[in-house]
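Accompanying notes for the structure given below.
The structure presented is a predicted model; accordingly, all values stated were derived computationally and were not measured. Below, chain A is the first sequence line, B the second, and so on; all start at residue 1.
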Protein chains: 2
Amino acid sequence: MKKEFRSGCPISSTLDVVGDKWSLLIIRDMLLKHKKTFKEISYSDERIAPSILSARLKLLESYKLIFKTKVPDNKKENIYLLTEKGIRLAPIIIEFSLWGNSNMGEFNEIDDIEGLNSDKSYIMQSVQDNYDSMLLDFH
Amino acid sequence: MKKEFRSGCPISSTLDVVGDKWSLLIIRDMLLKHKKTFKEISYSDERIAPSILSARLKLLESYKLIFKTKVPDNKKENIYLLTEKGIRLAPIIIEFSLWGNSNMGEFNEIDDIEGLNSDKSYIMQSVQDNYDSMLLDFH
DNA sequence: ATTTTTGCTTTCAATTCGATAGCAAAAGTA
DNA sequence: TACTTTTGCTATCGAATTGAAAGCAAAAAT
């Protein structure tokens, strides 16, 4: 399951964990859209295949960026939630969004994500705070 | 050469361009270590294969994150330099570094990158300014 | 004139990706 | 209770990508 790290560089090590085409999109949906189930995460604009989603969730769980739980009245459905480590990816996600907005317009028509283009540090904090308060519903 | 974008999401679009295991490491070396030639970039801790480096440089050039030039006294050696678009990836690189430092210690021994863990906005600015002033040597 | 360096390209086996289908257990419905 | 549907996956398998190694032509160095 786990791969070797290519070096001790923190940038390289972060890439070894979330440096693929899907992991940060899964975390985007969890963090910004508060998606919590396999099904919710499946239905994104980019349409991740279930086999890939399954593999990524396992990987993210093994690195403790997310954890799995259930709600009492539903024995089937898994609830995936971000850990503190995962929530702290907010600045990376937001910088990706800002950079994409400013620099990709030439190559692709870029959607506007509401409220993600104002004061950077304020946004980073409030995204994390929002997720934290949502987490309280699950103790 | 160029792929389709999976959606109009700026996060997804940025991932479509630099969301692989190597591109951001190449940009790290150019931006932080001021590497400029194929050979210099080849000799990183992570040892990128020449076929991959060649392909990535072409891709990054096609998206105008880097450009290729030469110095007058050397007809062989290509000089790769970051464009403004490329330099503006500094915040992403730095957030990757900060996150890796804080969150990957449990799984990998993480090197200290000198001076990259102080005031965030100061660092982001000075990394870009440093690169800009180096660029002046090439007009 | 010869050797070395540089910036690649080619090859090819191995790995990963990803669309589709399948499936068991739980939940919902009649 | 029987049935249908939903959910959260796993299995399959061809296609695409990766990456180690070797090769190579042009330029530079000796």
Could you pull out the protein-nucleic contacts involving nucleotides 26-30 of chain D (nitrogen or oxygen on both sides, under 3.5 Å)?
unit_1: D:dA26; atom_1: N3; unit_2: B:Lys76; atom_2: NZ; d: 3.4
unit_1: D:dA28; atom_1: OP1; unit_2: B:Lys75; atom_2: N; d: 2.5

State the CD1-CD1 distance between A:Ile93 and A:Ile113, to the nearest 0.5 angstrom. 9.5 Å
Looking at DNA chain D, which of residues 28-51 of chain B put a heavy atom within less than 4.0 Å of it? B:Ala49, B:Ser51
Rounded to whole Å, the CZ-C1' distance (B:Arg6 to C:dG18) equals 12 Å
Find the distance B:Ile26:CD1 to C:dG7:P and express it as a whole number of Å. 14 Å
How about A:Phe107 and B:Phe5: are their ring centroids closer than 6.0 Å? no
So which one's nearest nucleotide on DNA chain C is more toward 5', B:Ile52 or A:Asp20? B:Ile52
Given atom NZ of A:Lys21 and atom P of C:dT15, what is their separation to the nearest angstrom? 22 Å
Can you check the A:Asp16 CG to C:dT16 P distance for me, whole Å? 13 Å
For B:Lys36, enumerate each residue passing the salt bridge (Lys or Arg N to Asp or Glu O under 4.0 Å) test, keeping only those at least two apart in sequence or located in another chain. none
Could I get the full list of salt bridge (Lys or Arg N to Asp or Glu O under 4.0 Å) partners for B:Glu106, not counting sequence neighbours? A:Lys64, A:Lys85
Please enumerate all residues that pass salt bridge (Lys or Arg N to Asp or Glu O under 4.0 Å) together with B:Lys70, with sequence neighbours excluded. none
Can you name the residues that form a side-chain hydrogen bond (donor to acceptor under 3.5 Å, both in side chains) with B:Lys21, not counting sequence neighbours? none
It should be established whether A:Lys58 places a side-chain nitrogen or oxygen under 4.0 Å from OP1 or OP2 of nucleotide D:dT10. yes
Under 4.0 Å: is that the gap between some side-chain N or O of B:Trp22 and OP1 or OP2 of D:dT18? no
Think B:Arg56 has a side-chain N or O under 4.0 angstrom from the OP1 or OP2 of D:dT18? yes
Using side-chain hydrogen bond (donor to acceptor under 3.5 Å, both in side chains) as the criterion, list what pairs up with A:Ser13, not counting sequence neighbours. B:Asn108
For B:Glu40, all residues meeting salt bridge (Lys or Arg N to Asp or Glu O under 4.0 Å), sequence neighbours excluded: none
Could I get the full list of ring-ring contact (aromatic ring centres under 6.0 Å, His included) partners for B:Tyr131, not counting sequence neighbours? B:His34
